[in-house]
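Protein chains get the first letters and strands the later ones, always in sequence-line order, with residue 1 at the start of each.
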There are 2 protein chains.
Amino acid sequence: MIFTVDPSSPVPLFEQLAASVRSELGRGLAAGERLPAARDLASSLEVNIHTVLRAYQLLRDEGLVDLRRGRGAVVTAQAAGYSPVTAIVTQLVTEATRLGLDQDSVISLVRKEFAS
Amino acid sequence: MIFTVDPSSPVPLFEQLAASVRSELGRGLAAGERLPAARDLASSLEVNIHTVLRAYQLLRDEGLVDLRRGRGAVVTAQAAGYSPVTAIVTQLVTEATRLGLDQDSVISLVRKEFAS
DNA sequence: ATATTGTTCTATTACTAATAGAACAAGTGC
DNA sequence: GCACTTGTTCTATTAGTAATAGAACAATAT
């Protein structure tokens, strides 16, 4: 469970960290597991504890973790099926279908966009 | 050719405007056509001319328009391939990246949506 | 020539990110 | 019960960016 941030990126640190946690949610990180204590993670990432807590609170607002004093940040059950991009994917496929683009064409566009 | 911005949105005005132009590129706005003069658009949107010019310069950096003094902002030939689907794909990949989802995860979601 | 239109420059204001330190409160574990 | 852990809240400072404003400039169009 390794989280990273890049201080030289224009993306805010707390957003980078939240993104890093979400990324782990799709892999090994399961419901009930604990994230590192904010003070520990802040120390190892060399960022302020407030920055870590802001990322945690963002994830809490999204329903991905529970925060409790003394216990820390715990991955929720609903975090497993969480996908905020689903709405956009639905819109994309609807529009593509309307214009006569098939699955492979769309996936090709996605790959190209990721590569750019 | 109607462009809009929402001053109450947390998204920067120049980014909103660039997104609005990109959206039009897929619908009706063809290569060689001129965008409104920055001063005119700034006036009608009630934003600063510098804000409009920043959006235009962003679009120029993306290769979607050419900027020339006296002539204004002209849609490039390359922009023609910028379909509504491309716009949505850009939005999708941007959002996915922000949330820490990688290419394979996104493509998996697209396949699932096509299958449904 | 003159008007149009983007470019560049300085400057100000407002907002946000990130940091820092301290005190506090709720939960854990012996 | 008591010490420890860990998130919460508060004030404060610094740095960076968005947006605005105004002016002068330079290339292009008509």
Side-chain angles (χ1 to χ4, degrees), chain A residues 1 3-22 29 32-76 79, chain B residues 1 3-21 29 32-76 79 94 97-100:
Chain A
M1 194 165 57
F3 304 115
T4 60
V5 292
D6 175 12
S8 72
S9 164
V11 179
L13 293 175
F14 76 93
E15 280 186 13
Q16 287 185 52
L17 182 52
S20 185
V21 173
R22 285 192 209 94
L29 205 49
E33 284 194 62
R34 270 192 53 185
L35 300 184
R39 283 173 178 81
D40 295 347
L41 189 52
S43 171
S44 74
L45 290 179
E46 296 182 319
V47 299
N48 196 272
I49 181 181
H50 295 109
T51 303
V52 173
L53 285 170
R54 184 160 181 189
Y56 280 7
Q57 283 153 10
L58 180 59
L59 295 168
R60 179 195 55 194
D61 293 345
E62 294 172 352
L64 298 180
V65 301
D66 278 331
L67 295 183
R68 291 241 184 124
R69 304 177 193 190
R71 189 174 43 162
V74 181
V75 177
T76 64
Chain B
M1 196 165 54
F3 304 115
T4 60
V5 292
D6 174 12
S8 72
S9 165
V11 179
L13 294 176
F14 76 92
E15 281 185 13
Q16 287 184 53
L17 181 52
S20 185
V21 173
L29 200 51
E33 284 195 59
R34 272 191 51 185
L35 300 184
R39 283 172 178 81
D40 295 346
L41 189 51
S43 171
S44 72
L45 290 179
E46 296 183 319
V47 300
N48 196 272
I49 182 183
H50 294 108
T51 303
V52 174
L53 285 170
R54 184 160 180 189
Y56 280 8
Q57 282 153 12
L58 180 59
L59 294 168
R60 179 194 55 193
D61 292 346
E62 293 171 354
L64 299 179
V65 301
D66 277 332
L67 295 183
R68 291 239 184 128
R69 305 177 192 187
R71 188 175 44 161
V74 181
V75 177
T76 64
T94 299
T97 301
R98 191 179 71 76
L99 295 174

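Inter-axis angle, ends of the helix from C/dA1-D/dT30 to C/dC30-D/dG1, five pairs per end, rounded to 10 degrees: 40°.
Of all non-hydrogen atoms in B/Thr4 and B/Leu45, the two that sit nearest each other are CA-CD2, 4.3 Å. When all heavy atoms are compared, the tightest approach of B/Arg39 to B/Ile49 is CG-CD1, 3.3 Å. Closest of all the heavy-atom pairs between B/Ala18 and B/Leu59 is O-CD2, 3.8 Å. Pairing each heavy atom of B/Gly32 with each of B/Val74, the nearest pair is O-CG1, 3.4 Å.
Rounding to the nearest 0.5 angstrom, the gap separating the CG atom in B/Leu58 from the CG atom in B/Leu17 is 9.5 Å. A/Thr76 contributes atom OG1, which lies 12.5 Å from atom CD of A/Glu33 (distance to the nearest 0.5 angstrom). Distance CG/A/Leu13 to CG/A/Asn48: 10.5 Å, rounded to 0.5 Å. Interatomic distance, B/Leu67 CG to B/Leu35 CG, rounded to the nearest 0.5 Å: 8.5 Å.
The interatomic distance linking B/Arg69 (CZ) with C/dG6 (C1') rounds to 6 Å, in whole Å.
Of all nucleotides in DNA chain D, those with any atom nearer than 4.0 Å to a heavy atom of chain A start and finish, going 5' to 3', at D/dT5 to D/dC10.
The salt bridge (Lys or Arg N to Asp or Glu O under 4.0 Å) contacts involving residues 53-67 of chain B comprise B/Arg22-B/Glu62, where partners must be two or more places apart or lie in separate chains.
If you find the closest nucleotide of DNA chain C to A/Gln16 and to B/Arg71, the one lying nearer the 5' end belongs to B/Arg71.
Scored by the side chain to side chain contact (heavy atoms under 4.5 Å, CB included) test, B/Pro36 finds B/Met1, B/Phe3, B/Leu41, B/Tyr56 as partners (sequence neighbours excluded).
Within 6.0 Å of atom CZ in B/Arg68, 12 or fewer heavy atoms from other residues, nucleotides or ligands are found, so the atom counts as exposed in its surroundings.
The backbone N or O of B/Arg71 lies less than 3.5 Å from a partner atom in the side chain of B/Arg34, making a donor-acceptor pair.
Remark: B/His50, B/Leu53, B/Gln57, B/Arg60 in residues 50-60 of chain B come within less than 4.0 Å of DNA chain C through at least one heavy atom. Looking at residues 34-43 of chain B, you'll see B/Arg34, B/Ala37, B/Ala38, B/Arg39 sit with a heavy atom under 4.0 Å from some atom of DNA chain C.
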